[in-house]
Amino acid sequence: MFTTDTLSGKTILVTGGGSGLGLSMARHFARYGANVLICGRTEEKLVAATAAIGKENPAVKTGYYIADVREDEEVGSMISKIYADFGELNGLVNNAAGNFYCPSEDLSPNGFKTVVDIVLHGSFNCTRHFGKKLIDAGLPGAVLNIVTTYTESGSAFVLPSACAKAGVYAMTNSLAFEWATYGIRLNAIAPGPFPTEGAWKRLMPNPQVEQVYKQRQPGGRFGEPEELSHLAVFMMSDMAAYMTGECVTLDGGERLQGGQFNFVAQMMPREQLKAMFGAMRPGKKG
Ligand code: HXC
């Protein structure tokens, strides 16, 4: 489906692109022809990630910027520097995030603020600077926001993240309409469980929790970063030129846990279930 031309002519910035899903998406954007820039707070990670992307994809341009997305001035300077270095920027992936488990009654105001600052204010800061440059130049572009499957449902123990991601979701839809007239598309991906080091060390306290979590998955597995990255390539490409204001869930069906009789699927092996259901058919004895 994709070729090395799929994203050619595009320059895409991935926030938090030094590791995890951000790095995986950055690698795939480069593989399919985009110039790829990443930003984050830790230079060491950014240097290693940029070198890896460049080594795998010598035909595209790569670069990194040290910036904390919470700081509007830093973001503004970064976007100006990108224009000075590369002459353009037509794709933005708001991937940088912060999250930790905490019973909400124990959350400090600063704990709540910190996550909301990174996720919601950070995404706004990057999107506004990115969009304003395009609008001033009369050029089109694409924004992809990484939200979560608990954007709509909410979730226990990650209140600041749930509130912030819901805000990013609202921003996606609001600007998709408002900026459609400028040819700027905004979409989102809501990933389910993707085991990356950063997320897992914060959200999986021990192997038992991970095991229970895996058993909850209707397909019995977590997602692979590559699967999410392929979706991101499509959504950032011109193949998706008419797609805006869309949030695509990629969770192997995890969010559908609430179906009234879904619990039965996980109670016993399928053959045993079939026997049980068979025995319940009218006219069956036993
Ligand atoms: C309670 C906590 C806490 C914890 C921090 N705080 N960790 N409170 N429980 N585990 C509080 C601190 O006490 C402090 O409040 C405030 O939060 C700020 O903490 P700092 O450590 O000073 O902040 P900072 O250094 O800016 O770090 C931000 C961070 C950190 C969010 C806390 O974890 C981080 O940098 N994370 C970035 C990467 C990340 O989180 N990735 C996971 C993304 S996963 P006080 O009141 O003491 O001053 C994701 C999707 C989930 O988002 C999908 C799941 C499947």
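Just so you know, ligand 1 is whichever comes first in the structure, and atom 1 is the first atom listed for that ligand. Just so you know, these numbers come straight off a predicted model, no measurement behind them.
Inspection of the Glu74 and Tyr65 side chains reveals no N or O donor paired with an N or O acceptor under 3.5 Å. Using modelled atom types, one finds no donor on one side chain facing an acceptor on the other under 3.5 Å when comparing Asp251 with Thr149. Checking Asn94 against Thr127 by side-chain atom types alone, a donor-acceptor pair falls below 3.5 Å.
There is a protein heavy atom closer than 4.0 angstrom to atom 15 (O) of ligand 1. There is a protein heavy atom closer than 4.0 angstrom to atom 52 (O) of ligand 1. For atom 22 (O) of ligand 1, the nearest protein heavy atom lies 4.0 Å or farther away. For atom 26 (O) of ligand 1, a protein heavy-atom neighbour is found at a distance under 4.0 Å. For atom 2 (C) of ligand 1, a protein heavy-atom neighbour is present inside the 4.0 Å cut-off.
Applying the 4.0 Å criterion to heavy atoms of Tyr150 picks out, from ligand 1, the atoms 51 (C). Contact atoms of ligand 1 toward Cys102: 1 (C) (distance under 4.0 Å to a heavy atom of the residue).
At the shortest separation from atom 17 (O) of ligand 1 among protein heavy atoms lies Gly111 CA, 3.2 Å. Looking at atom 28 (C) of ligand 1, its nearest protein heavy atom turns out to be Thr114 CG2, 3.6 Å. The nearest protein atom to atom 54 (C) of ligand 1, hydrogens excluded, is given as Leu203 CD1, 3.3 Å; this is a heavy-atom distance. The protein non-hydrogen atom at the shortest distance from atom 5 (C) of ligand 1 is Phe100 CE2, 3.6 Å. Residue, atom and distance of the protein heavy atom nearest to atom 38 (C) of ligand 1 are Ala97 O, 3.3 Å. Among protein heavy atoms, the minimum distance from atom 36 (N) of ligand 1 is reached at Arg202 NH2, 3.5 Å.
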- request: Give the intermediate values and the outcome of side chain to side chain contact (heavy atoms under 4.5 Å, CB included) for residues His129 and Phe124.
  value: CA-CA 9 Å; His129 283 287; Phe124 167 72; over 6 Å; no
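Of the candidates Gly22, Gly223, Ala162, Ala199, it is Ala199 that places a heavy atom closest to atom 44 (S) of ligand 1.
Residue-level proximity to ligand 1 for Val119 is absent, since no heavy atom of it falls below 4.0 angstrom. By the criterion of a heavy-atom distance under 4.0 Å, the side chain of Arg70, and not its backbone, is placed next to ligand 1. Contacts between Phe112 and ligand 1 below 4.0 angstrom, taking non-hydrogen atoms only, are absent altogether.
No side-chain heavy atom of Thr15 sits less than 4.5 Å from a side-chain heavy atom of Val93.
Heavy-atom neighbours of Met267 CE from other residues, nucleotides or ligands within 6.0 Å: at or below the threshold of 12.
In this structure, Ala96 and Val69 approach most closely via the heavy-atom pair CB-CG2, 4.3 Å. The minimum heavy-atom distance linking Ile53 with Val36 is given by the pair CD1-CG1, 4.5 Å.
Considering both main-chain and side-chain atoms, Tyr213 never comes within under 3.5 Å of ligand 1 through any nitrogen or oxygen pair. Annotation: Asn110 places an N or O atom under 3.5 Å from an N or O atom of ligand 1; distance criterion only. The shortest N or O to N or O distance between Trp200 and ligand 1 is not under 3.5 Å. Considering backbone and side-chain atoms together, Asn99 places an N or O closer than 3.5 Å to an N or O of ligand 1. Looking at ligand 1, you'll find an N or O of Ser108 within less than 3.5 Å of one of its N or O atoms.
Between the side chain of Asp5 and the main chain of Ser8, no donor-acceptor pair closer than 3.5 Å is present. Here the side chain of Asn187 pairs a donor or acceptor atom with the backbone of Glu246 at under 3.5 angstrom. In terms of modelled atom types and a separation under 3.5 Å, the side chain of Thr42 and the main chain of Glu44 share no donor-acceptor contact.
Taking the six-membered ring where tryptophan is involved, the planes of Phe222 and Tyr213 are tilted, since the angle between them lies from 30° to 60°.
At least one heavy atom of Arg41 sits under 4.0 Å from some atom of ligand 1. No heavy atom of Phe194 sits closer than 4.0 Å to any atom of ligand 1.
Remark: Lys133 qualifies as a cation-pi partner of Tyr83 under the 6.0 Å distance and 45° angle criteria applied to the six-membered ring.
Taking the ring centroids of Phe194 and Trp200, they lie at or beyond the 6.0 Å cut-off.
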